[in-house]
Amino acid sequence: MTDATSPRPTLKYDPAAIQAKWLPVWEELRPFATDDPDDKRPRKYVLDMFPYPSGDLHMGHAEAYALGDVIARYWRQQGFNVLHPIGWDAFGLPAENAAIKRGLDPRGWTYDNIEQQKSSMRRYAASFDWDRTLVTASPDYYKWNQWLFLKLHERGLAYRKASLVNWCPYDQTVLANEQVIDGRCERCDNLVVKKDLTQWFFGITKYADRLVDDLNQLEGTWPSKVLTMQRNWIGRSSGADVIFAIEGRDEPVSIYTTRPDTLYGATFMVVAPDAPLAAELVAEGSDELRERFDAYLAEVKAQSDIERLATDKEKTGVFLERYAVNPLTGERLPIWAADYVLADYGHGAIMAVPAHDQRDLDFARRFDLPVRVVVDVNQPVTGMIPVIPEGADLEDLPELDPLADGKALTGPGRLINSGPFNGLSKNNAITKITEALRSSGLGAPAKNYRLRDWLISRQRYWGTPIPIIHCPSCGEVPVPEDQLPVELPSAEGLDLQPKGTSPLGAAEDWINVDCPSCGGPAKRDSDTMDTFVDSSWYFLRFLSVGDDTQAFDPKQAEKWAPVDQYIGGVTHAILHLLYARFMTKVLFDMGLVSFTEPFSALLNQGMVLMAGSAMSKSRGNLVKLSDQLDEHGVDAIRLTMAFAGPPEDDIDWADVSPAGSAKFLARAWRVAHDVTSAPDVVWKNGDAKLRRITHRFLADAPGLVESFKFNVVVARLMELVNATRKVIDSGAGPADPAVREAAEVTAVALNLFAPYTAEDMWEALGYEPTVALVQWRKADRTLLREESVTAVVQVDGKVRDRLEVAPNIDDASLESLARASASVVKAVGDKEIATVVVRSPKLVNFVTKR
RNA sequence: GCCUCUGUAGCUCAAUGGAAGAGCACCUCCGUCCUAAGGAGUUGGUUGGGGGUUCGAGUCCCUCCAGGGGCACCA
């Protein structure tokens with residue numbers, strides 16, 4: 001029926017069939033296992049942020065794991081032994097809330113979801129090492145959370161203190177600062193209130209400097225956006241502590257300022273109304289003053305954070321009828337209490353310099369306080385050179401009157417009204433005045449941080465129990481290491497409803513224990529740990545899953561860690577990454593790891609949107625991953641994720657075409673099936689043009705993958721397939737060796753994006769599975785060279801001629817060729833040539849005299 | 001308000017300071033009993049606007065416009 005002239009019957013590309021065909025083969029082959037101790041390949045650790053098992057996988061997971069898998073598969077093709085594990089961040093509120101709602105144990109709900117996600121990931125063909133999974137909710141994981149807690153406790157890095165903490169009235173639990181977004185609970189979006197409670201903290205502020213400084217190591221391999229966010233969050237600033245005497249008080253008061261140069265411009269002092277100092281200062285005042293202060297304090301405390309943070313809010317405050325003394329001038333400064341000064345930053349008190357600080361200026365204008373300019377910003381300086389614009393009329397310079405125009409002068413300048421410091425530049429004055437204060441014992445250089453210690457205790461059930469026993473006679477007693485883990489008791493019979501105290505407190509059999517120290521009756525700590533503790537070190541546990549003698553084996557850490565490439569959403573740009581970085585430094589100090597940063601490189605993938613907005617059930621724009629997989633096949637979805645754009649950009653599902661991806665895969669697949677030559681054909685006899693395209697691709701793709709330009713790789717692959725098709729249909733034909741070569745390269749490259757299709761092509765081309773372990777072929781450099789290139793000849797920048805020349809032509813020959821061109825001669829006419837720019841072999845430009 | 005990134009074909013993106021390109025989509029044609037798959041081909045641009053540096057600017061500088069992100073009483 002078929003003869004030479006009729007088209008070959010079109011083969012049917014059936015994604016469902018090839019998925020069913022290859023999945024069991026791979027399960028059998030275990031191509032991604034990393035358990036061979038004799039493996040001599042160099043190592044790479046590629047890690048995707050592990051998922052929270054809140055249901056089946058969704059489009060966001062599909063994107064993240066598609067992109068992470070490109071990287072993992074790529075490094076295998078480059079000859080690396082790639083560790084690419086997966087686990088579950090399985091503790092936390094959603095499981096507990098779901099359990100309450102459905103009357104189930106969080107355990108069952110969590111593990112059911114894990115099973116579902118696991119089977120979806122397998123079908124999705126993510127190249128995970130399935131022998132290295134972990135679940136943070138399992139006792140053999142959280143035992144080591146508890147162990148770490150005890151280690152931090154030993155080092156004074158885990159401690160309990162009473163403080164005003166963020167409290168979510170809906171979830172009935174405390175929250176870390178990091179979990180409060182715009183004054184609202186990160187999880188449930190309800191307004192957060194402040195509560196005075198005794199809670200457990202990790203001393204992350206002790207590491208603040210290192211957490212900032214070590215970010216420099218990550219410059220270039222982490223998104224600069226994330227580095228900025230980390231720096232902002234830690235919020236290091238430097239300046240000076242200045243000691244002010246207080247009239248009628250024995251003890252002086254320290255304030256912190258970043259602008260010691262403006263000390264002569266201080267016209268009043270402000271203390272935080274909720275700081276102990278404020279209460280003390282009014283204690284001896286009139287009844288009327290105390291009443292006014294108490295009313296103000298009550299008002300401030302009643303404010304939600306969201307109200308306090310409103311920047312356009314008018315300044316409020318109360319004059320405390322007391323005075324401080326400027327240590328350099330002896331000037332009396334009235335002391336006010338105002339809520340724009342925070343009790344828990346610096347010393348809870350400031351010197352106010354309204355001329356040079358916008359907040360102080362707003363306050364001064366509101367309460368008619370004096371404003372004195374001490375830095376003349378009309379004399380700005382860079383280094384030693386004044387930069388007043390040349391010819392500027394000094395009379396025309398703007399008046400220095402912040403009181404009138406409401407704008408504080410924050411820029412550089414020279415000091416005025418500052419006694420012996422007049423004439424110094426701002427930066428110079430900062431040094432000089434700080435030094436003057438230090439030598440007379442009135443101050444010292446100081447640093448401050450926005451970062452606060454990490455509040456880790458939670459009054460909820462579904463988390464790691466804190467391994468501390470409270471004994472009436474011995475106090476806080478750590479659970480001895482050999483008694484770990486402190487297992488979470490069954491939820492059965494416990495009321496998990498949030499009520500402000502941990503549900504564990506009601507587990508009588510569990511909470512009451514003998515004190516490990518004195519043997520007397522004692523109680524376990526009933527709080528559980530923030531789940532960010534779990535995820536702060538999980539990347540190390542993957543190296544030693546199943547080891548019940550240690551959290552991780554330092555020798556394995558030496559071998560694999562730190563993570564070479566971490567992949568995850570930008571939503572974790574602050575919280576998770578900061579905590580993992582902190583924990584790594586603690587482990588470094590303990591001598592357990594030899595590195596100080598956990599993730600050498602970070603890739604943030606964007607989100608998957610639908611028609612411009614985030615997908616959600618309530619919006620009714622939810623695209624179900626399982627539907628997409630059923631309709632288009634796994635490979636088409638993975639390819640769509642990679643092709644949609646740069647990984648860090650959001651993908652709008654309304655803008656992409658999974659059907660188009662499937663069409664391309666079918667084309668590629670058919671090309672492989674059209675190949676008629678045998679695997680041992682001699683490449684060099686193949687079509688030269690196609691071979692050049694193939695080898696260009698081989699040469700370019702690695703660099704593109706390594707710079708995460710997956711979309712460009714896919715576009716290049718499409719070009720390659722189109723070119724191959726052309727040779728098959730209207731060129732040298734399907735038997736040409738170049739066609740086979742191109743098809744093989746396509747199969748190997750497609751393994752990155754579409755592993756099922758790639759495997760099936762590989763089989764059609766006559767090879768055994770699995771294509772995932774086939775090495776990337778080196779490009780043949782000699783094929784990349786063009787035998788001739790087009791040189792552009794310009795006259796005065798306008799293209800006048802094009803010349804076909806040898807790629808290695810020298811400047812002189814190219815110039816004389818160009819000079820000989822008729823169109824050049826015509827364009828130059830009788831004008832004189834002034835300059836000739838030669839950039840062989842691509843360009844000659846004759847510039848004429850004008 | 002401050003800082004920052006990005007504006008190139010309908011969409012997604014390329015282009016060491018040297019000819020403005022690719023993929024997808026669109027359109028036309030071939031093919032087919034019909035439809036679709038499949039194949040061939042053609043369109044498509046003031047590189048957000050303006051100014052500057054340069055022999056030469058998408059690329060460097062200034063400015064404006066638009067969008068994204070971050071920070072926003074942390075002294």
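Every chain is numbered from 1, with letters handed out A, B, ... down the list of sequences.
Between A:Phe367 and A:Trp336, the angle of the ring planes lies from 30° to 60°, which puts this pair in the tilted group. A tilted orientation is assigned to the rings of A:His673 and A:Trp669, their planes being inclined by 30° to 60°.
Nucleotides B:U53 and B:C61, compared at atom P, are 15 Å apart to the nearest Å. A gap of 35 Å separates the P atoms of B:C73 and B:U12, to the nearest Å. Separating the P atom of B:C30 from that of B:A36 is a span of 15 Å, rounded to the nearest Å. For the C1' atoms, the distance linking B:A72 with B:C60 amounts to 32 Å, nearest Å. Between B:G45 and B:A15, the distance separating the two C1' atoms is 15 Å to the nearest Å. When the P atom is compared between B:C34 and B:U43, the two are found 30 Å apart, to the nearest whole Å. Taking atom C1' in both B:C11 and B:A57, the straight-line distance is 27 Å, to the nearest Å. As rounded to the nearest Å, B:U8 and B:G58 have P atoms that lie 15 Å from one another.
The separation between A:Leu704 atom CG and B:U12 atom P is 20 Å, rounded to whole Å. Rounded to an integer number of Å, the gap from A:Phe244 CZ to B:A75 C1' is 12 Å. Atoms CG (A:Asp649) and P (B:G7) sit 10 Å apart, rounded to a whole Å. Computed from coordinates, the A:Ile651 CD1 to B:C11 C1' distance equals 14 Å when rounded to whole Å. Whole-Å rounding puts the A:Asp700 CG to B:C13 P distance at 20 Å. Rounded to whole Å, atom P of B:U6 lies 12 Å from atom NZ of A:Lys225. Atom CG of A:Leu451 is separated from atom C1' of B:C71 by 16 Å (rounded to the nearest Å).
Looking at residues two or more places apart in sequence or on another chain, you find no side-chain hydrogen bond (donor to acceptor under 3.5 Å, both in side chains) involving A:Tyr264. Applying the side-chain hydrogen bond (donor to acceptor under 3.5 Å, both in side chains) criterion to A:Thr434, with sequence neighbours excluded, gives no partner residue. Partners of A:Asp736 by side-chain hydrogen bond (donor to acceptor under 3.5 Å, both in side chains), not counting sequence neighbours: none found.
Across all strands shown, A:Thr258 has heavy atoms under 4.0 Å from sugar-phosphate atoms exclusively, and none from any base. No contact: A:Asp360 has no heavy atom under 4.0 Å from any strand. Residue A:Gly645 is in sugar-phosphate contact alone, with no base atom involved, counting any heavy-atom pair closer than 4.0 Å across all strands shown.
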Return the polar atom pairs (N/O with N/O) between nucleotides 21-24 of chain B and the protein under 3.5 Å, or none.
unit_1: B:A22; atom_1: O2'; unit_2: A:Glu719; atom_2: OE2; d: 2.8

Heteroatom pairs (N/O) under 3.5 angstrom, protein to nucleotides 14-19 of chain B:
unit_1: B:G18; atom_1: O6; unit_2: A:Arg839; atom_2: NE; d: 3.3
unit_1: B:G18; atom_1: O6; unit_2: A:Arg839; atom_2: NH2; d: 3.3
unit_1: B:G18; atom_1: N2; unit_2: A:Gln794; atom_2: OE1; d: 3.4
unit_1: B:G18; atom_1: N2; unit_2: A:Asn845; atom_2: ND2; d: 3.4
unit_1: B:A19; atom_1: N6; unit_2: A:Thr790; atom_2: OG1; d: 3.0
unit_1: B:A19; atom_1: N1; unit_2: A:Arg802; atom_2: NE; d: 3.4
unit_1: B:A19; atom_1: N3; unit_2: A:Arg802; atom_2: NE; d: 2.7
unit_1: B:A19; atom_1: N3; unit_2: A:Arg802; atom_2: NH2; d: 3.3

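Distances shown here put a side-chain N or O of A:Ser237 below 4.0 Å from the OP1 or OP2 atom of B:A75.
Side chain of A:Gln605 to backbone of A:Glu648: no donor-acceptor contact under 3.5 angstrom is found. Of the possible donor and acceptor atoms, none in the side chain of A:Thr262 sits under 3.5 Å from a partner among the backbone N and O of A:Gly265.
Between A:Tyr13 and A:Thr757, the side chains place a donor N or O and an acceptor N or O closer than 3.5 Å (distance only, hydrogens not considered). A side-chain donor-acceptor contact under 3.5 Å links A:Thr790 and A:Glu804. A side-chain donor from one of A:Tyr256 and A:Ser237 sits under 3.5 Å from a side-chain acceptor of the other.
Both A:Ser224 and A:Thr228 lie near RNA chain B, and the one whose nearest nucleotide falls closer to the 5' end is A:Ser224. With the nearest nucleotide of RNA chain B identified for both A:Met351 and A:Asn232, A:Asn232 has the one nearer the 5' end.
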Start with the C-alpha gap between A:Tyr449 and A:Asp209, add the side-chain angles, then the distance that decides, and say whether side chain to side chain donor-acceptor pair (under 3.5 Å) holds.
CA-CA 9 Å; A:Tyr449 307 89; A:Asp209 272 325; 2.7 Å; yes

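Side-chain contact between A:Pro841 and A:Asn808 is absent, with no heavy atoms from C-beta onward closer than 4.5 Å.
Secondary structure note: stems in RNA chain B built from 3 or more consecutive Watson-Crick or G-U wobble pairs under 3.5 Å occupy B:1-7 with B:65-71, B:10-13 with B:21-24, B:27-30 with B:38-41, B:48-52 with B:60-64.
Listed nucleotides B:A75, B:C71, B:C73 differ in distance to A:Arg450; the shortest reach to its side chain belongs to B:C71. Taking the side chain of A:Asp655 as heavy atoms from C-beta on, and the options B:U12, B:A75, B:G41, the nearest nucleotide is B:U12.
The existence of a salt bridge linking A:Asp357 and A:Arg259 is excluded, since no basic side-chain nitrogen approaches an acidic carboxylate oxygen closer than 4.0 Å.
The base of B:C73 lies close enough to the side chain of A:Lys315 for a donor and an acceptor atom to sit less than 3.5 Å apart.
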